[in-house]
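From a predicted model like this one, the values you see are computed outputs, not experimental measurements. Letters go in sequence order (proteins before strands), and every chain restarts at 1.
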There are 2 protein chains.
Amino acid sequence: MAESNAAALRVLVVEDDPVTAEAHAAYVERVDGFHTAGVAHTGHEAIRMLRDTREGRAESFDLILLDVNLPDTTGIELCRSLRAVGIEIDVIAVTAVRDAAVVRSAVSLGIVQYLIKPFGFAAFAEKLTAYRDYHARVATAVVTDQQEVDASFAALRTTSTADLPKGLTRETLDRVRAAVRAAPAGATSATELAAALDLSRVTARRYLEHLADTGVVERASRYGAPGRPEVEYRPR
Amino acid sequence: MAESNAAALRVLVVEDDPVTAEAHAAYVERVDGFHTAGVAHTGHEAIRMLRDTREGRAESFDLILLDVNLPDTTGIELCRSLRAVGIEIDVIAVTAVRDAAVVRSAVSLGIVQYLIKPFGFAAFAEKLTAYRDYHARVATAVVTDQQEVDASFAALRTTSTADLPKGLTRETLDRVRAAVRAAPAGATSATELAAALDLSRVTARRYLEHLADTGVVERASRYGAPGRPEVEYRPR
DNA sequence: CGCGTTGTGTTCATACTGTTCGCGGCACGC
DNA sequence: GCGTGCCGCGAACAGTATGAACACAACGCG
């Protein structure tokens, strides 16, 4: 794909852990239309690379894949510094932090996507392709009307295309996940979940089993009562 | 509406033309959950008000309705100044400029919506309510997972209901919307809607699906009977 | 050690979903 | 007036998410 590489978007990976950085860089290469153009392991290094870029001393970047937790600063702080000096490069935030306040800050600093670690390649590719669509739109359009702007914004909206195994729906899966997380005792059996969600036990079991397979919940047994022991599912 | 005003989002209108500023302020008041908390006519004035706010000398704001063309600066420049000093207030850009580069800049500076002048109240209200949905989500959620984040972003990035994809008619869409809103149980399935409007199920589904994509209605599943569950659409 | 009891794991009928493709009507060009 | 192309709509067809029914497995108890 020489031609798609020629127009490929250049990505700067910013991530302190070398192994993770390498993994992210490899992920980037796997997504069509993207190319890892640099890796930085600290905030300072990232800033320096971007400054060099600006002054024509180095290749430039289209997008930063930015870890929020860095040894010398935070991604949020780094992003603020960039904006302050007028660098308008787009940013995808990558973080293990599950804090709504960080999300708010990130949005206000103009990050285009927000990825929560750990993530698989599917989730990663989804965010990048969404960004590519957005980029293509604003790059080509010279004059814009409200519809064009709306369409560009909509391109950044990801529709959670994470493919489910046959027989499962996203709708139901969401409900099941929510119910498991909100379980009073911290653990739920298939029978209990069925009652709570007004589903059949068979269906409840199907989804719980899927969540167990994908590592979202843990399986355990609950003894004590007469009869066969119950299998309980507990989030982790 | 005392109670809704108490929780209403406080908006700062920044617009040089006094007549337009007044019009925007009035628009804000008309949208449920919003309140015009201040008006500034220049960039300096806006900055001063926000600084006063920060130092506790004045009421604070949740959102700026920011005109891009100001007598003493541009909205983009103003926004950059805010970010530089760490003010994370959300911004809706309002402009007559139809330039993709400005849109890009605006996005990178974290503007949450982008409105092109001239606009009617419907377009205006759509953007504000979308922001309100986003705000409600990130304000309440303490812990977030990827899906929660995606949903929040999706709220900000709704496509306009005005533009129709190929295969849909304005007239039919209006009929469908009206029917969904007037649903007796509050929720309608594609089959029910088809019967009510004397359309085929296929067509009913096409329109409902469009409304779901644009965030006008919500999708849910209706279980209970044996057989595949029904998908029901519910206005929100 | 058999037996009741309780929940598990599976199979299969079922009704709704999602998609494909052809029809019919409308507007435009010749 | 008459093709001709386009486009929104619906009949028909697989596909599939669910629950009823059923056979079995694990435990307590006599």
Please list residues of residues 189-197 of chain B whose heavy atoms come under 4.0 Å from any atom in DNA chain D, ordered by number; otherwise none. none

Starting from [atom2] on [N], measure out to [atom1] on [X] and report it in whole angstrom.
X        : N      : atom1 : atom2 : value
A:Leu173 : D:dT18 : CG    : P     : 10 Å
A:Glu232 : C:dG7  : CD    : P     : 14 Å
B:Leu208 : C:dC16 : CG    : P     : 16 Å
B:Arg170 : D:dC7  : CZ    : C1'   : 16 Å
A:Lys166 : D:dA14 : NZ    : C1'   : 11 Å
A:Leu164 : D:dT18 : CG    : P     : 11 Å
A:Arg201 : C:dG9  : CZ    : P     : 9 Å
B:Glu230 : C:dT17 : CD    : C1'   : 10 Å

For [N] and [X] - does any side-chain N or O of the residue sit under 4.0 Å from the phosphate oxygens OP1/OP2?
X        : N      : result
A:Tyr207 : D:dT18 : yes
A:Thr203 : D:dG19 : yes
B:Arg205 : C:dT17 : no

Tell me if a side-chain donor or acceptor on [X] pairs with a main-chain N or O of [Y] at a distance below 3.5 Å.
X        : Y        : result
B:Arg157 : A:Leu156 : yes
A:Arg104 : B:Asp90  : no
B:Arg137 : B:Phe153 : no

A:Asp62 and A:His35: side chain to side chain contact (heavy atoms under 4.5 Å, CB included), yes or no, with the steps? CA-CA 10 Å; A:Asp62 299 298; A:His35 167 60; over 6 Å; no

Quick one: closest heavy-atom pair of [X] and [Y], and the distance?
X        : Y        : value
B:Gly33  : B:Arg132 : N-NH1, 4.4 Å
B:Val13  : B:Ala21  : CG1-O, 4.0 Å
B:Leu63  : B:Val91  : CD1-N, 4.1 Å
B:Arg222 : B:Thr188 : NH2-C, 4.3 Å
B:Leu115 : B:Phe124 : CD1-CD1, 3.8 Å

What does nucleotides 20-27 of chain C look like as a protein-contact string, B for base, S for sugar-phosphate only, - for none, at under 4.0 angstrom between heavy atoms? --------

Its contact letters, B for base, S for sugar-phosphate only and - for none at protein heavy atoms under 4.0 Å, make nucleotides 25-30 of chain D read BBB---

Side chain to side chain donor-acceptor pair (under 3.5 Å) between A:Glu171 and B:Ser221: does it pass, once the steps are laid out? CA-CA 7 Å; A:Glu171 255 307 318; B:Ser221 291; 5.2 Å; no

Look at all strands and tell whether B:Thr172 reaches a base, only sugar-phosphate, or nothing, counting heavy atoms closer than 4.0 Å. sugar-phosphate

Could you check whether B:Tyr223 and A:Thr172, counting side-chain N and O atoms only, form a donor-acceptor pair closer than 3.5 Å? yes

Name the one of A:Glu209, A:Glu218, A:Arg219 that satisfies side-chain hydrogen bond (donor to acceptor under 3.5 Å, both in side chains) with A:Tyr233? A:Glu209

